[in-house]
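Accompanying notes for the structure given below.
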Amino acid sequence: MIEQFRALVVNKIEEDFTVTPQTLTVQDLPKGDVLIRVQYSGVNYKDSLATIPNGNIVKNYPFVPGIDLAGVVVSSEDPRFQEGDEVIATSYEIGVSHFGGYSEYARIPADWIVPLPKGLSTKEAMIIGTAGFTAALSVQRLEENRLSPAKGKVLVTGATGGVGSFAVSILSTLGYEVEASTGKESEYDYLKSLGATSIVPREEVFDGKVRALGKQKWAAAVDPVGGEPLASLLSQIQYGGSVAVSGLTAGTSLPTTVFPFILRGVNLLGIDSVYCDMETRLHVWNRLATDFKPKNIEALIQEEVTLEQLPEVLPTLLKGQARGRVVVQL
């Protein structure tokens with residue numbers, strides 16, 4: 001049995017707030033059916049929020065953040081998993097109210113665990129992580145609403161972030177003509193390397209004014225941005241097209257009208273990767289190991305870091321400095 005291991009611990013005692021690697025024991029871990037030796041995790045916006053005093057993610061301290069993890073089963077009280085199995089655990093309460101992936105060992109309820117599909121390594125699974133899974137779920141929902149490459153261009157907003165980068169890559173891999181929207185001119189080459197056909201400055205999606213209806217530009221869109229840009233985007237979707245929305249970086253309000261929906265039959269598809277049902281979850285992960293798997297998956301890594309580097313890396317996402325994925329090697 002493992003005596004001690006390292007984990008990133010967030011703690012708050014009155015006004016004193018700390019984010020530091022510490023030594024823990026298995027007894028410090030919360031209850032769960034499966035003990036996992038974590039090999040890789042990833043860095044997400046929610047993880048960054050979990051490591052600031054007013055992030056409104058963590059409710060009880062001390063706490064180990066990290067909403068994603070992949071590794072090998074050490075022991076299991078559930079017959080679905082055996083010692084040596086490679087597994088993925090994301091979403092649910094992991095890294096929010098249940099100790100997460102920024103730890104060399106994690107104990108997780110069996111119902112939250114996905115067997116690692118053939119065709120993926122544990123590192124590749126964490127390059128994908130919640131961001132890539134959300135992008136894949138978005139693309140699948142668009143396809144379920146009759147999107148195909150023949151329908152026309154697909155827009156990806158917030159394209160340099162984790163969800164956006166993966167959406168560009170997955171759509172390109174599937175043969176779609178992808179327009180990537182970003183406000184970062186320095187990242188145009190990066191987006192084209194992922195398969196973007198063209199780059200759209202964010203001002204072309206939202207110029208500061210939301211119109212009831214605009215020119216029909218895109219067959220569909222993957223939108224992790226939300227807010228007023230989403231309202232503007234909806235007015236520019238082609239007849240019968242769809243927008244899959246998964247984020248709120250531009251805000252939570254949606255000042256749109258009913259016109260895109262009742263005059264053009266536009267669909268607004270809500271994407272939730274946290275409590276997505278397990279049947280869908282397994283199907284999407286299997287597609288991420290097969291037809292959804294980006295050919296250039298390593299290109300989506302911005303940086304690979306250690307546990308000790310995390311306190312310096314996590315704040316960058318809150319400053320809008322993220323590009324692609326940051327992978328944590330445990």
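Every value quoted in this text rests on a predicted model; they were computed, and no experiment measured them.
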Side-chain heavy-atom pair [X], [Y] within 4.5 angstrom cut-off:
X      : Y      : value
Arg107 : Val74  : no
Val58  : Val96  : no
Leu268 : Leu254 : yes
Ile67  : Thr90  : no
Phe5   : Leu330 : no
Tyr176 : Ile170 : no
Glu144 : Gln140 : yes
Leu191 : Thr160 : yes

Side chains of [X] and [Y], donor plus acceptor under 3.5 Å:
X      : Y      : answer
Ser193 : Asn296 : no
Thr182 : Tyr188 : no
Tyr102 : Asp47  : yes
Arg264 : Ser235 : no

Can Ser232 and Arg211 be said to form a side chain to side chain donor-acceptor pair (under 3.5 Å), step by step? CA-CA 7 Å; Ser232 181; Arg211 297 164 179 82; 5.6 Å; no

Counting neighbours of [atom1] on [X] that are heavy atoms of other residues, nucleotides or ligands and sit closer than 6.0 Å, is the number greater than 12?
X      : atom1 : answer
Asp189 : CG    : no
Phe259 : CZ    : no
Tyr239 : OH    : no
Glu308 : CD    : yes
Glu312 : CD    : no
Arg146 : CZ    : no

Verdict with reasoning, Asn60 to Ser97, per side-chain contact (heavy atoms from CB on, under 4.5 Å): CA-CA 7 Å; Asn60 297 297; Ser97 63; over 6 Å; no

Is [X] salt-bridged to [Y], cutoff N-O under 4.0 Å?
X      : Y      : result
Lys217 : Glu204 : no
Lys153 : Glu179 : yes
Asp207 : Lys209 : no

Determine, stepwise, if the pair Asp68 / Lys46 fulfils salt bridge (Lys or Arg N to Asp or Glu O under 4.0 Å). CA-CA 11 Å; Asp68 296 341; Lys46 188 180 286 187; over 6 Å; no

For Ser165 and Tyr190, what are the C-alpha separation, side-chain angles and deciding distance, and is it a side chain to side chain donor-acceptor pair (under 3.5 Å)? CA-CA 9 Å; Ser165 292; Tyr190 164 71; 2.9 Å; yes

Once you measure the plane-to-plane angle for Phe63 and Phe99, does it fall in the parallel (<30°), tilted (30-60°) or perpendicular (>60°) bin? perpendicular

Distance col, row Leu288:CG vs Ile88:CD1, nearest 0.5 angstrom, shows 8.5 Å

Not counting sequence neighbours, list each pair that qualifies as a salt bridge (Lys or Arg N to Asp or Glu O under 4.0 Å) and has a residue in residues 287-300. Glu124-Lys293, Glu143-Arg287, Arg287-Asp291

Going through the checks in order, is the side-chain contact (heavy atoms from CB on, under 4.5 Å) test met by Val328 and Leu8? CA-CA 11 Å; Val328 186; Leu8 186 74; over 6 Å; no

